[in-house]
Each structure stands twice: as C-alpha cells, then as structure tokens.
Amino acid sequence: MKYNPGRVEKKWQKIWDEQKIYDIPGKGKKFYHLVMFPYPSGDLHIGHWYNFSPADVYARKKRMEGSRVFSPIGFDAFGLPAENAAIKREIHPETWTYENIERMKKQLVSMGPIYDWSRELATCDPKYYKWTQWIFLQLFKAGLAYRKKVPANFCPSCNTVLANEQVVEGECERCGCEVLQRDIEQWLFHIREYVDELLSALNDLDWPEKTKLMQKNWIGKSEGVEVEFSVGGHPLRVFTTRPDTLFGATYLVISPEHPFLDNIKRTQVQNLEELESYVMKARKKSEKERTSEDKEKTGVRLEGVLAVNPLSGEEIPVFVGDYVLLHYGTGAIMAVPAHDKRDYSFAKKHNLPIKRVIHSASDLPYEGEGDLVASGEFTGMKSSEAKEKINQYLEKKKKAEKKVNYKIRDWLVSRQRYWGAPIPIIYCKNCFQKKGREGVDYTIFEGEDHAIIPVEEKDLPVVLPYLEDFTPSGEGRSPLSKDKNFTEVVCPRCGKEAKRETDTLDTFVCSSWYYLRYADPHNDKVFADKKNIKEWLPVDIYIGGAEHSVLHLLYSRFITKVLRDQGHLNFHEPFLKLRHQGMILGPDGQKMSKSKGNVVDPDKEVEKHGADAVRMYLCFMGPYDQGGPWNPRGILGVKRFLERVWKIKDDVKEEENKKLEKIMHQTVKKVTEDIEELRFNTAISAMMTFLNEAKEPGKEQMKTFLVLLSPFAPHFTEEVWSYLGFKGSIHNQNWPTYDLAKTKEEVITLVVQVNGKVRDKIEISATKSESQVKKIALESEKTKKWIDGKKIKKVVIIKNRLINIVTE
RNA sequence: GCCGCGGUGGCGGAAUCGGUAUACGCGACGGACUUAAAAUCCGUUGGGAAAAUUCCCUUGUGGGUUCGAGUCCCACCCGCGGCACCA
C-alpha cells in the first residue's frame, strides 16, 4: 500500500498536540532558536515555508541532541497593508489582521513544526504593545526620544503623509497627484548615540560577513574636518575628508534648505527670485530624485556672494545645489572638481574652473591620494602628511576642527497612521504656560507650544480605539486625531485639559523587542521577568531573510543596548548567531509574482505531495542561503525517496546487516555535521545514498536511519516508527552517534597520476605504507606505459588518495 | 558608480586543507512488468574520436603560481543582491 501523507500527517499533528511531546524538557542546555516572525499578510507563502521548515529541521536536531530547545512563533501584526486592505475591501484592519493570523496558524501547523503555541504573540495585542509603549517611555526618559521637524512625503490632494512605497515615480499611488516634501514635527530615537558600540560590537557576532558589512556601511563612519569659509562675510562650515585638496576648491555648494541662506538672502543675493524658485523646486523632489546618479546635477549661483578660502585666501563663487543634503555633514561642501567626480560633472556643466592639486598620471577627476601640486607651502607633500599639516595650520587659526561624521540618521519612529501602537505622550498647554520653557520638555503641537508629558506607566497601555473610519484625517494627521474620546484627555501632571499624541509607532519598534517578550509573553507586570530573560536570552540562532540585514537587525541591537543601559538586561547583543535563507524563485527562475503567474502555492503542494515532501524538497533544492527556482518535478525525487523508505520497512531484519555498518556510521556523521552547518541539501543526499545501498537493513539500523530522517519528515518517520512497533515517539529519541573509526574505508582507490594526469586507479588496502604505495604505482602496466624509460624527477604521495609521478 | 555574492552536464546542484570534477536528485534514452498506460524496478546518460583496449577535451574568458587549480593570484566578461550625489 502506498503511503498516504494527508491522513497520516493530520493524525500525528493531533496526537503530538494532545500528548504535548514538544514541551521543553527540564534538563539540558538552553537553546533559543528563533525565526523572523511573519507579517500576517493573508496566506503563508512558499518563502515562509523556506524560512521556517529548514529552521525547524535544525531545531529538531538540536532538541534530539539534548538541548532544551525554545522555538516560539508569533505575528508582526501592525502595519500599512492592513490599512490598505481595510480601505480597499471595507474590512476593519483588526478583523483583517486576526482573520489572517487564524488562517496562517493553520498553515503553520500543517508544516509540522515544534512551535510552542503557548507563547504565541501578536504585536497588535494591547497586552503586547503596552510594553512597546513602555519601551518608548524608557527611551523618552533617557533622553533618547525627541521631537523634530522632519520632511515627509505629502500628497496635497489626499492631505496625507505617504510611505515611500506609496509614492510611485513622484506621484501619489492613490490619486496620481504630485507628491511634495513637507516638514512635520515627528518623534525620533537617538540611535546615533549608540553608533560606536553598534559598529564595534559587530566583530564578535557569528553573523554572515556580508550582513555585518552592510550594517557597517549603513552606519557609514567617516573621519574628516570641518573647515570654516567666510561667505559674504559670515562664517560657514563645510565638512571634508580631504583637507589636502583645499587649494583645489573652486566653489562652494550649499544645500537648498540650509538656514545659513537666511543670513545673506535679503541683503546680498542679487538673483533672489531665481534662488527662491530653485529652492521651491528642490523641496518637491524626493531625496532619491535629488541624489540619483543619472540625473543632472542642478544648482543656482548666488550672484553677488563670494566665499573666501581660509587656506589660500582665494575668492570663489557660491552655489545652491540640491545634490548637497542638509542632514549630512554641515549641509554645505567645498567643491573640488579635479578630485571628486560629482563636483567634476557639476563644474563641467556650469563652466567652472577645475584645478588639479594632486599629482597623478590619470585623467581628471582623480579621487585617489598622491603628492600635492599648486598648493602653496604644502606643495610636494603626500596627501596624508598634507592633511595633518593643513589641519594643524587651520586649527591654530580656529578655522578647522576634526569631526567624525556618520551616514546613519536617527530613527524616525512616528507614523501618521491608524494601525500601529499609539505613542504614549500627552501634550499639555497649561503645563507649558505654568512652567514656560524652563524645566519642561516642550514642543509645537497643533500650532501652539505645549509641554510634553509622558503617559504614566500605570496608565499603559494607551489602547488603540476601535474606529469605524480610519481613512486619513487630512492635514497629514493620523486618523486617530478624529476621535475626540481618544485625543481629549486630562493631563496627568496638572489635571487640566490636554491632548493626546495621535501618531503611532513605526512597526520596526514593535519588532525590535519581540524576542524578549517570547521569554515571558503573558506577564502584565513587566515586559518579561528577569528570571525568564536570564533563562532564555540571548537568542542562540536567528534565521530569516537577508532583506532585514540592516533595519530590523540594527534596531533590535539598539533597543537591546538601551534596555541594558536602563538596567533591564544584562547582555549586549540579542542575536549571537545569524543565518539567512535565500529566496525561492518561480519555476521560470524569476521572482514570484501574481502578474507573472509563477507563484507556487504551498497549500496545493502539501495537498499533492504531503508536508514532509515539501519540507524535504525545500531542504534539498540547493544551498539554504542561496535559494533558487522551484522545480515542480524536483519534489518528485524526495517523494520517491520517502516511498522507497516506506517499502523497505517491510524488509527489516532482526539481525544487523554487517554490510551496512560502515555506510551507516558515515551517514550519521554526514547528516549530523551538515544539519549543524545548515547544509540540508547534502544531508539529504547522504541519506539517499544510504538508502540506495540499504537492502534488508537490520532493526537497529532502520531505527537509526529513521531518527536521522525524522527532523526532515517528522510525520512520515513517526508513522514508520509506530508501524515497526518501536516504543514512544520517534521525536523523543536521542540523536544517533557514530564511531569515527568505523567510518574509515579499509580499501581505498589509489589514484595514480603521471605528470598530474590520472593514468590508473588501483584498489589497495588503506594500511599500505608510502614505499608500498610507490611500488604498486610503479608496477602498474598502465602507469609504465607513460613513464617508459623517462627519468623520475619527483613523486608526490597524498595518503590514501593519490600518487603523482613526475618525469623529466 | 561603489560594496557584496555567484558563474560547474539538458536542469537543481556536489566536490574537507589545492589532490579521482560532475556525488545526490530531476529530465532523457533503452529494457522488465502490463492488453495498454501510469506507477514501480533494472540499465545508460559531460563533449569528442575509435569496432575496441584506449585517447583527447571540459568547471564564464584569458593569463599566472604549483608536481597538481572548480578551489589560490591577476585581468576581463556575464548574472544576482545591497547601497547610492555621504563631501
């Protein structure tokens, strides 16, 4: 009879659940095994399966090796798609989200994973986001959360702030209106405070080098100098990493938003109209447009304004150009067209002088270092020396200061949206009037000065009200601003009328600490009890997509460090070991998408072949971190493999099959090592090789083989296990061990090479000495033919593998 | 443009420290079983020459190091991912 996965899988899932066989045992070394929790977007797709099922193989093997494996799951449940679905399909975001969670849970169960459902969480649950809000308050109290005007994409027709994703080619995705950049008072986290540690601590992490490098580049530390120019009589600082090229600075460029412009605009700039229209235009462009390589670098010269180079005393023109960004460096640059390609193309376009100050044989622009030319008293020095000397010279004159700049910006955490955790802040006009600007945090809210009052911890959570109408409010405010019951509150400080913050938190805040909550998900006194944190954290292995290499992983590291500094945690890094899975492509080798019609539906595959076959095929198709195309026929290979195991269960003999002893030990070794390194594909091929040899296995051999297979095909192996009358659940067996001595071959194939070319292969005993090997090789008829009277120059012997005879 | 990763049969891929290239699987071809087909089982399967023993070629391209290179070095070509006027 053929194996019937549909019936068998459901049967065992029910039994495992009833008997709670995956409950964490009391003994053993703790092992926190984490997968990136899914966003409940609708259905579990094949990418989720690719993250979760090979990860589950790993967890199961660790468990059988005796670790207390903790493998929780939950849902990253706040976010924009819920709101979009709500508006499109007239279903409340909450209903939509929870319906999706229910469906996805069933699909997750169908994979047969060992998840501990008693610890399931969803970030949109008030019991969860109470602590997200609490974490916000910790940052606020530590001075790490602050308000600032930040430009946002704004659609003037919908009157709403748009996410980057909602801006399509500079237009609003809903109404097609041109999107503007508009400054809005928003909340930010001061992640820059932690950059040095975020950077240096990367070294100790067992993460892919690629991911570490991406974080490093994202932080983007660069050491340089701020140099003061005199512009129209006013001091203006520029940041440069190349003070050695100062003599080559032929103009300055200032960012269009730079407040410095106010100093000189009215009094000195002769082409004010041109300038203002340029600034207006620049404000419409997104940062991407401004900074795109293929777009021309635009700018407007400030007529009537000159800058004085502090080193050469030379007077040079000044431009406003949108390729200079306000938030990086000082928002102004000295342009050295001979030695910077962006300045070079700008200079070419505006016909500005290009002055070489670094000697090199190559064409301009030359961005490397070298000997200085045409640089006054610094001429002839090397770049490195000139940097020092020029710094010293300018520092003495108080015209320069060493500075470290970072590319990373502070973390913008407020969102003008409904489906998120409300920011636990109250704005009080009365408190501001009473205390004034001294001794109180204040901000502009609804156009007036207000004191910023954090919600009292005892009043958490600030519950997201159930709105019927969650369309944007207009004026770029969150839909929450329309609910007076929510916005109108009593100030916890003075007891007078006050207003609630209506922005919600970025979902990255919610997902930056969920791995802590799993340790103690039902606690309503603290975010997680210290004892539980100590029991499980930090995470021993974290498995998920490479698309989170920067944001999620960096934010989680930051929050961990903040909570540590507030005395709530005593470790430094949340994820000790990190691994990424690759991406599953459609059968055509393209990214899966509905429009291409190449989407693989895991539910259908499970129905056709069984969850075990899907799990195994995902493991087998290629290296885990590379992913690859789904081949609908490929899954038949692993399915046939399982069918063949199903057949040999009836050929199992009481006695051991001596012929299988060596390959058995080899297979145990290979599968054990490969799973540890997440090389699931080669682990499976080793089991296939074993099965190809294994006719009439002994009872113990069959047991061992089934246990090796059980992490991959948990339902199937449990069924065979029980069919053969073995006791208990296969999943509570110990992981098999092997004897290294018994994996060794007694007879090896000696490869005989003459001058590096294989000329013969001879079966010999592995115990032969080097001189015996040499004798055998030289006596071979096939070898003799190639040596044939030539003088032997050299013989190289690699033990138990190869001999290379080198002739004249 | 910069950074990172990769390029091996018809296809997915394997190959420890530089030591038998193409394991394992898919597909294809031939055979067994069957009235037939599916399923299953057995065999063949990198390319070329030859009746055959056998020989030559082959890991994107071209060079190099080495007794020996898929693996190391240099240059180039192609594909994928990330970042991007970052001064």
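A, B, ... follow the sequence lines: proteins, then strands. Residue 1 opens every chain.
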Taking A:Tyr278 for the side chain and A:Thr298 for the main chain, is one N or O donor matched with an acceptor at less than 3.5 Å?
-> yes
Now, which nucleotide makes the Watson-Crick or G-U wobble pair with B:U66, with each of the two distances under 3.5 Å?
-> none
Go ahead and name the base partner of B:C5; Watson-Crick or wobble counts if both distances stay under 3.5 Å, otherwise write none.
-> B:G79
Would you say B:C41 has OP1 or OP2 under 4.0 Å from some side-chain N or O of A:Arg640?
-> no
Look at the side chain of A:Phe620 and decide which nucleotide, out of B:C3, B:G13, B:C24, has an atom nearest to it.
-> B:C24
Provide the distance between the two C1' atoms, one in B:G19 and one in B:U66, to the nearest whole Å.
-> 12 Å
C1' gap between B:U20 and B:G70, integer Å = 14 Å
Searching all strands shown, indicate the nucleotide that pairs with B:A52 (Watson-Crick or G-U wobble; both distances under 3.5 Å).
-> none
Taking the same atom, P, in B:G7 and in B:U59, what whole-Å distance lies between them?
-> 13 Å
Would one find a side-chain N or O of A:Lys794 under 4.0 angstrom from OP1 or OP2 of B:C67?
-> yes
How far, in whole Å, is B:C3 from B:C17 if one measures between their P atoms?
-> 27 Å
Searching all strands shown, indicate the nucleotide that pairs with B:G10 (Watson-Crick or G-U wobble; both distances under 3.5 Å).
-> B:C26
If only atom types and distance count, is the side chain of A:Tyr251 paired as donor or acceptor with the main-chain N or O of A:Asp343 below 3.5 Å?
-> yes
What form does the base of B:C83 take, syn (within 90° of 0) or anti?
-> anti
For the residue pair A:Asp625 and A:His580, confirm or rule out a side-chain donor-acceptor distance under 3.5 Å.
-> no
Which label fits B:G9, syn or anti, where anti is any glycosidic angle not within 90° of 0?
-> syn
On a whole-Å scale, what distance lies between the P atoms belonging to B:A23 and B:G9?
-> 13 Å
Hey, is the side chain of A:Tyr328 poking within less than 4.0 Å of OP1 or OP2 on B:A87, counting only N and O atoms?
-> yes
Pairing residues for A:Thr689 by the side-chain hydrogen bond (donor to acceptor under 3.5 Å, both in side chains) criterion, not counting sequence neighbours = none
Return no unless some side-chain N or O of A:Asn692 is found under 4.0 Å from OP1 or OP2 of B:G25.
-> yes
Is the A:Phe620 to A:Phe641 ring centre distance short of 6.0 Å?
-> no
Just compare B:G4, B:G12, B:A87 and give me whichever is closest to any side-chain atom of A:Met621.
-> B:G12
Could you measure between the two C1' atoms, the one in B:G46 and the one in B:U58, and give it in whole Å?
-> 8 Å
G-U wobble or Watson-Crick pairing nucleotide for B:U71 (cut-off 3.5 Å, both distances) | none
Tell me the partner of B:U35, counting only Watson-Crick (N1-N3 plus N6-O4 or O6-N4) or G-U wobble (N1-O2 and O6-N3) with both under 3.5 Å; none if nothing fits.
-> none
